[in-house]
Amino acid sequence: MPQPAPPWRTTTWLNTPEPLGLEQLRGRVVMLHAFQMLCPACVAHALPQAQRVAELFAGEPLAVIGLHTVFEHHDVMTPKALQAFVHEYKFSFPIGIDTPSGEDIPKTMLAYEMRGTPTMLIFDRQGRLRRHYFGRPDDLVVGAELIAN
């Protein structure tokens, strides 16, 4: 049986009026994409996939969340740069900024033992972590996972 997931540790949110967590999203399947704006696979594949899912499942009990989790190039991947990036690419789903830990790896990334970006986490309607993908899984796999949870 899956265990309750650790809380997300964020400093700032974009595209949402209030901070989000699994408690607020209970009752919905949650797909969280952890990314860095200078990660080529994130920009070319993972973030467009997240935007497509957000658009295709609009109105369904599903939440698409982005998590900007910076573990390299800290000086250039600032919140202000992220705001411009999100605006330019027209990402409409909520995006949280992972809290720095004082080390290279931010707090949420540490809590979920992420190996890098892109990483996709899928939570069930009770907020339990069901899948953890490093890289970008195929769209069909994602669709099947979202429907199954």
Solution key, residues 79-90 side-chain donor-acceptor pairs under 3.5 Å, sequence neighbours excluded:
none

Checklist line | Pairwise distance CD1(Ile65) to CG(Leu25) - rounded to 0.5 angstrom | finding: 5.0 Å
Checklist line | Under the salt bridge (Lys or Arg N to Asp or Glu O under 4.0 Å) test, residues paired with Arg125 that sit two or more places apart | finding: none
Item checked: Distance, nearest 0.5 Å, that separates NE2 of His73 from CG of Asp75 -> 10.5 Å
Checklist line | Contacts of type side chain to side chain contact (heavy atoms under 4.5 Å, CB included), residue Thr12, not counting sequence neighbours | finding: Ile97
Next item on the list: Measure the spacing between CD1 of Ile95 and CG of Leu14 and express it to the nearest 0.5 Å.
Entry: 6.0 Å
Checklist line | Non-hydrogen atoms of Pro100 and Lys107 that approach each other most closely | finding: O-CE, 3.6 Å
Output a table of donor-acceptor pairs, distance under 3.5 Å, between side-chain atoms of residues 140-147 and any protein atom two or more places apart or on a different chain; print 'none' if there are none.
{"residue": "Glu145", "atom": "OE1", "partner": "Arg131", "partner atom": "NE", "Å": "3.2"}
{"residue": "Glu145", "atom": "OE2", "partner": "Arg131", "partner atom": "NE", "Å": "2.8"}
{"residue": "Glu145", "atom": "OE2", "partner": "Tyr133", "partner atom": "OH", "Å": "2.8"}

Note to self: Please report the interatomic distance CG(Leu22) to CD(Gln126), rounded to the nearest 0.5 Å.
What the structure shows: 11.5 Å
Checklist line | Results of side chain to side chain contact (heavy atoms under 4.5 Å, CB included) for Pro6 - residues two or more places apart only | finding: Ala111, Tyr112
Notebook entry, point to check: Of all heavy-atom pairs between Ala5 and Leu129, which one has the smallest distance, and what is that distance?
Noted result: CB-N, 4.3 Å
Check: Between the main-chain N or O of Thr119 and the side-chain N or O of Thr117, is there a donor-acceptor pair closer than 3.5 Å?
Finding: no
Check: Between CE of Met114 and OG1 of Thr108, what distance do you get to the nearest 0.5 Å?
Finding: 6.5 Å
List the atom pairs, donor and acceptor, that lie under 3.5 Å between side-chain atoms in residues 27-47 and the rest of the protein, sequence neighbours left out.
{"residue": "His33", "atom": "NE2", "partner": "Gln49", "partner atom": "OE1", "Å": "3.4"}
{"residue": "Gln36", "atom": "OE1", "partner": "Phe71", "partner atom": "N", "Å": "3.1"}
{"residue": "Gln36", "atom": "NE2", "partner": "Glu72", "partner atom": "OE2", "Å": "3.3"}

